[in-house]
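Encoded as structure tokens, the structure appears first; notes follow it.
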2 protein chains.
Amino acid sequence: MTPALPSGQLGDLDPTSDRAVFRQIADQLREAIDRGRFREGEKLPSEAELVDHYGVSRMTVRNSFSILQGEGLVHAEHGKGVFVRPRPPVRRLASDRFARRHREQGKSAFIVEADTVGSHAQVDSLEVKEEKASQDISTRLGSVRRVLARRRRYLLDGRPVEFATSYLPLDIARGTQIAEPNPGPGGIYARLEELGHRLDHFEEEIRARMPSPDEVKTLRLASGVPVIHLIRTAFDTEGRAVEVCDTVMAADAYVLSYQLPAT
Amino acid sequence: MTPALPSGQLGDLDPTSDRAVFRQIADQLREAIDRGRFREGEKLPSEAELVDHYGVSRMTVRNSFSILQGEGLVHAEHGKGVFVRPRPPVRRLASDRFARRHREQGKSAFIVEADTVGSHAQVDSLEVKEEKASQDISTRLGSVRRVLARRRRYLLDGRPVEFATSYLPLDIARGTQIAEPNPGPGGIYARLEELGHRLDHFEEEIRARMPSPDEVKTLRLASGVPVIHLIRTAFDTEGRAVEVCDTVMAADAYVLSYQLPAT
DNA sequence: CATGCATACTCGTATAGACGAGTGGGCAAG
DNA sequence: CTTGCCCACTCGTCTATACGAGTATGCATG
């Protein structure tokens, strides 16, 4: 005889309900996941099994799955099945992460931080070049036409989590170590201070949205995972904007943390 | 004869490409939107028109639309069509929004702020009650068992944009104006200071994720719109956590802004 | 002129079937 | 024992069809 189906965990449909069948199925799966009947990384019943269990067509079941995918709850793997999406370890960004004392050490802040939590960090796809400033960047940097752009991608345990571009005015960066692929210990902020631009404060703008297809690719995002878009401007003590850093982060990999004075 | 179809703007499929047909269609529509060939709020070609234009089945076209919906680019309206989703006006939250000087005025900060940008603000579904603290809230408030919870929803020009719950320890809030639906001028932070809890600083934790079905309902979110989840803890000058505010915001309605010292 | 209905067009839901392609296990051949 | 193939199972893509339900428009009726 046939063994009990994994779908035995699930209930029945309510034909009298005006809620669409595929929504009812999605509801039941979601609840089963929330209650822990399917755990992180565990496989859900296959499409065929759910077709049998509910007596609906395959497209209806797929429709249910696509809802849950949009919510970021599950992900499908071709040839294997549909799985409860595990919550990856998150990276916490504290608001003192640019404190001067953190710049004293040799290694990059990203690597050091990853080491302390036992993760393997990597930086790749480094690109450093001069280019025309976009309207937005030009405005933020105070009407510059061309900028030095530093692009890089950060990976944690092999997973891309962040993609960032720093823009600097050419009159500051050209010909300095900032224009080199490796900016040296303490990063470009340390170099900026050596060049006489003592940093005063940063401004960060935060948005969240769904990723573009490009971002899905570079960050290898599962469907249903938004991105956090952070734009940071660094100001020196003379009030000049000396750098703009445009960062796109996989939202499921980050918690940002800020401290605000109550004054 | 038939008039030129709106889909005349679009190209052809590449049958030799290994890219799925519905992705190719989504790509073309996305590009057309990005290039401004379809403007904000404008109607895309109907499913039937695209079926004719590309010579594919209706499900394939719908599949394309569902991709764009997941990206938050378009939204469908039953009986009307599929439209380019307009970017709503955003609310900017500055990091000095809790500065003491902002608490002097009579009206709530949310209303005042909305007035200055010419929007109509509303607060509704107010609920104030004592309840058991969740594990997380209890930890943040320093092991309290029960709390006063203040729930409210914020609307801008009739659109719900934010849903927030404040939690306060009972020994502070019980019997005070904080436990009333209307906490009075300056809000609960003003009341806390009057009660001798001079505020020292705030900590904010920020996450972004896709909304739960509940959140979709309360915030009337279109598909493809993530939420920003903000958890703020207020500390008094004695280092005690005196309030935790858990806020869920429609991500397309907000830009958060923070200022960090470089020290 | 105003009301209300018929109708055409829109997207929403659901079925049934077909083929393709990735994965993994078992079995047969070497 | 190892290699390699076949097969069963999985999700991915696509077609064709049907009916339901919301919207808007125009026309007929009062």
Side-chain angles (χ1 to χ4, degrees), chain A residues 2-3 5-7 12-27 29 38 41-70 73-85 216 222-224, chain B residues 2-3 5-7 12-27 29 38 41-70 73-85 216 222-224:
Chain A
T2 57
L5 289 175
S7 48
D12 294 321
L13 297 177
D14 175 4
T16 70
S17 166
D18 54 356
R19 188 152 177 85
V21 172
F22 73 91
R23 289 186 205 284
Q24 290 187 49
I25 297 177
D27 290 345
L29 291 169
F38 299 111
E42 202 174 331
K43 186 177 167 300
L44 295 181
S46 76
E47 295 176 354
E49 280 166 348
L50 291 173
V51 163
D52 285 348
H53 178 82
Y54 287 113
V56 298
S57 85
R58 191 176 153 222
M59 286 311 288
T60 302
V61 169
R62 282 182 62 77
N63 218 336
S64 311
F65 278 153
S66 91
I67 288 187
L68 299 179
Q69 272 191 54
L73 274 182
V74 307
H75 69 113
E77 291 182 35
H78 194 166
K80 295 204 211 167
V82 178
F83 301 84
V84 179
R85 203 153 67 72
V216 168
S223 64
Chain B
T2 57
L5 290 176
S7 49
D12 293 321
L13 297 178
D14 175 5
T16 70
S17 166
D18 55 356
R19 189 155 177 80
V21 171
F22 72 91
R23 289 186 206 283
Q24 292 187 47
I25 297 177
D27 290 345
L29 290 169
F38 298 111
E42 201 173 331
K43 186 177 166 302
L44 295 181
S46 75
E47 295 176 354
E49 280 165 349
L50 291 174
V51 163
D52 286 349
H53 178 82
Y54 288 114
V56 297
S57 87
R58 189 174 156 225
M59 285 311 289
T60 302
V61 170
R62 281 182 63 76
N63 218 336
S64 311
F65 277 155
S66 90
I67 288 188
L68 299 178
Q69 271 190 52
L73 273 181
V74 308
H75 68 111
E77 292 182 33
H78 195 166
K80 297 205 210 164
V82 177
F83 301 84
V84 179
R85 206 152 67 73
V216 168
S223 62

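Fair warning: this is a prediction, and the values are worked out from it, not measured in the lab. Reminder, nothing fancy here: chain letters follow the sequence lines and each chain counts from 1.
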Next item on the list: Evaluate the side-chain proximity of B:Leu73 to B:Leu29: yes if any heavy-atom separation is below 4.5 Å, no if none is.
Entry: no
Next item on the list: Would you mind reporting whether B:Tyr54 and B:Thr60 have side-chain heavy atoms less than 4.5 Å apart?
Entry: no
Selection from [options] that lies nearest to any side-chain heavy atom of [X]:
X	options	result
A:Val21	C:dT15, C:dA14, D:dA21	C:dA14
A:Thr60	C:dA14, D:dA21, D:dA18	C:dA14
A:Arg62	C:dG12, D:dC11, C:dT15	D:dC11
B:Arg58	C:dT13, D:dG12, D:dT13	C:dT13
B:Val82	C:dT15, D:dG12, C:dC11	C:dC11

Next item on the list: Give A:Phe22 one of three labels, base, sugar-phosphate or nothing, depending on what nucleic acid heavy atoms sit under 4.0 Å from its own.
Entry: sugar-phosphate
Checklist line | Sugar-phosphate, base or nothing in reach of A:Arg19, heavy atoms under 4.0 Å | finding: nothing
Whole-Å distance between [N] [atom2] and [X] [atom1]?
X	N	atom1	atom2	value
B:Asp18	D:dG12	CG	P	16 Å
B:Met59	D:dC14	CE	P	12 Å
B:Phe83	C:dT10	CZ	P	11 Å
A:His78	D:dC11	NE2	C1'	5 Å
B:Ile25	D:dT13	CD1	P	13 Å
A:Phe65	D:dT10	CZ	P	11 Å
B:His75	C:dC11	NE2	P	12 Å
A:Glu47	D:dA8	CD	C1'	16 Å

Next item on the list: Specify the residue among B:Ala76 and A:Gly79 whose closest nucleotide of DNA chain C lies further upstream toward the 5′ end.
Entry: B:Ala76
Check: Hey, does the side-chain of A:Arg23 have a donor or acceptor N/O within less than 3.5 Å of a partner on the base of C:dG12?
Finding: no
Notebook entry, point to check: Do side-chain atoms of B:Gln24 reach the backbone of B:Arg19 as a donor and acceptor pair under 3.5 angstrom?
Noted result: yes
Next item on the list: Could you tell me whether the side chain of B:Ser64 and the main chain of B:Phe22 form a donor-acceptor pair under 3.5 Å?
Entry: yes
Next item on the list: Verify side chain to side chain contact (heavy atoms under 4.5 Å, CB included) between B:Leu50 and B:Phe65, making sure each step is shown before the conclusion.
Entry: CA-CA 11 Å; B:Leu50 291 174; B:Phe65 277 155; 3.5 Å; yes
